[in-house]
Structures are given as C-alpha cells and as structure tokens.
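To start, the structure itself, in structure tokens.
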Amino acid sequence: MIKYNDDLKGVTARKLAGFFVGWPNPPAPATHLKLLNSSDLAVIAVDGASGRVVGFITAITDKVLSAYIPFLEVLPEYQGRGIGGQLVKRMLRKLKKAYMVDLICDPGLQKFYKNFEMFPATGMMLRNRRRQCGANILPKK
Ligand SMILES: CC(C)(COP(=O)(O)OP(=O)(O)OC[C@H]1O[C@@H](n2cnc3c(N)ncnc32)[C@H](O)[C@@H]1OP(=O)(O)O)[C@@H](O)C(=O)NCCC(=O)NCCS
C-alpha cells in the first residue's frame with residue numbers, strides 16, 4: 001500500500017534512491033534529502049511494504065502570495081497508478097490559500113495538470129547545467 005506523508009522524519013538517503021531519472025548529473029540521494037528538508041512544503045509517497053520513497057513533490061513559497069512547484073516525480077515502476085495525481089492533489093490542498101501556484105512542464109503533461117484546474121502559460125527559464133547535482137545556492141550574507 002502507498003502511504004502519503006508530509007513528515008520526513010525517518011526518511012534517509014538510502015530510502016531515496018532512483019529519482020531524477022534521465023538527469024545527466026543528478027543530485028545524490030543525500031542532496032535530495034536536503035532538498036526535501038529545505039523546501040517549504042514536501043509530500044512523499046512511501047511504499048508501505050518496503051519503506052522506500054517512491055514519489056515526491058515539493059513547493060517553495062513567499063508565504064504571502066505565491067508558490068512554485070519545482071519537483072514532482074514518481075519512480076518509473078510506480079507510475080500510472082495515480083500516485084503523481086495524489087501528490088499534486090495533496091500539495092495543492094496545502095497551497096489552497098496561495099494566489100498563484102506555478103510550475104513548468106513539458107507540453108505533453110499539460111493534460112495531466114489540467115485535471116487540477118491548472119492552465120497552460122508561457123514562461124522563461126534559466127538552467128546552469130554545471131550545478132545540476134546541487135549546491136548551496138544562497139549568497140553569503
Ligand atoms: C508526471 C508523473 C509524476 C506522473 O506520475 P504518475 O504516478 O504516473 O501519475 P498518475 O498515475 O497519477 O497519472 C498518470 C497520468 O499522467 C499522464 N502522464 C504521465 N507522464 C506523462 C508524460 N510524460 N507525458 C504525458 N502524460 C503523462 C498519464 O498519461 C496519465 O494520464 P491519465 O490520468 O489521463 O491516464 C510521472 O510520470 C513522472 O514522475 N514523470 C517523470 C518526471 C516528470 O516529468 N515530472 C513532472 C515535472 S513537471
């Protein structure tokens with residue numbers, strides 16, 4: 001059975017293996033764990049039988065108006081069972097007081113997000129590929 005959790009207690013790097021599929025220079029599981037803990041909001045899907053994390057979604061916010069969902073991923077062998085949909089639903093429920101909730105996705109996924117009353121938009125982005133595996137990104141004060 002799949003359990004959904006916003007409490008990351010007990011989640012170790014070992015339970016986070018296998019994500020960032022197709023990334024040439026992915027973050028290590030320990031960096032992934034840091035990313036989850038540093039996000040304003042995170043929901044994970046856990047396989048109750050093994051304790052393995054099989055899906056996750058994160059959000060970062062300004063706590064007043066806006067939220068951004070940088071990551072949603074379900075491990076390939078768990079896809080197509082409604083887990084991604086549950087993660088989005090649970091995250092949007094947490095963000096129900098936000099004015100704007102944005103994310104970037106491929107055109108093929110717009111149909112999936114339309115299930116949650118999201119609508120397509122045009123955007124811009126920047127990628128620093130050398131930093132794909134993670135870094136301390138805030139400048140020192
Ligand atoms: C997108 C993703 C999270 C969906 O998770 P999931 O558990 O398979 O989702 P669900 O089972 O709840 O829903 C599957 C739906 O998503 C659609 N879908 C999944 N991946 C898709 C893709 N790459 N392109 C188009 N549609 C896709 C399926 O066709 C299905 O549609 P349906 O509900 O009309 O049948 C998962 O495919 C994934 O991790 N993909 C790789 C990472 C990614 O693209 N993340 C999104 C970043 S914006």
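In listed order, ligands and their atoms are each counted from 1.
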* **Nearest non-hydrogen partners of R90 and Y4, listed with the distance** => NH1-CB, 3.4 Å

* If you look at every heavy atom in A45 and I83, which pair is closest and at what distance? -> CB-CG2, 3.6 Å

* Asked: Taking only residues two or more places apart in sequence or in another chain, which ones pass salt bridge (Lys or Arg N to Asp or Glu O under 4.0 Å) with K94?
  -> D6

* Structure fact -> The protein residues that pass the under-4.0 Å heavy-atom test against ligand 1 are L72, E73, V74, Q79, G80, R81, G82, I83, G84, G85, I104, C105, G108, L109, K111, F112, Y113

* Asked: Parallel under 30°, tilted from 30 to 60°, perpendicular over 60°: which one fits the rings of F56 and F71?
  ->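 Judged by the thresholds at 30° and 60°, the geometry between F56 and F71 is tilted.
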
* Structure fact -> Here the gap from K89 atom NZ to N115 atom CG, rounded to the nearest 0.5 Å, amounts to 11.0 Å

* To do: Could you please spell out the steps behind the side-chain contact (heavy atoms from CB on, under 4.5 Å) verdict for L36 and H32?
  => CA-CA 6 Å; L36 289 171; H32 185 182; 3.9 Å; yes

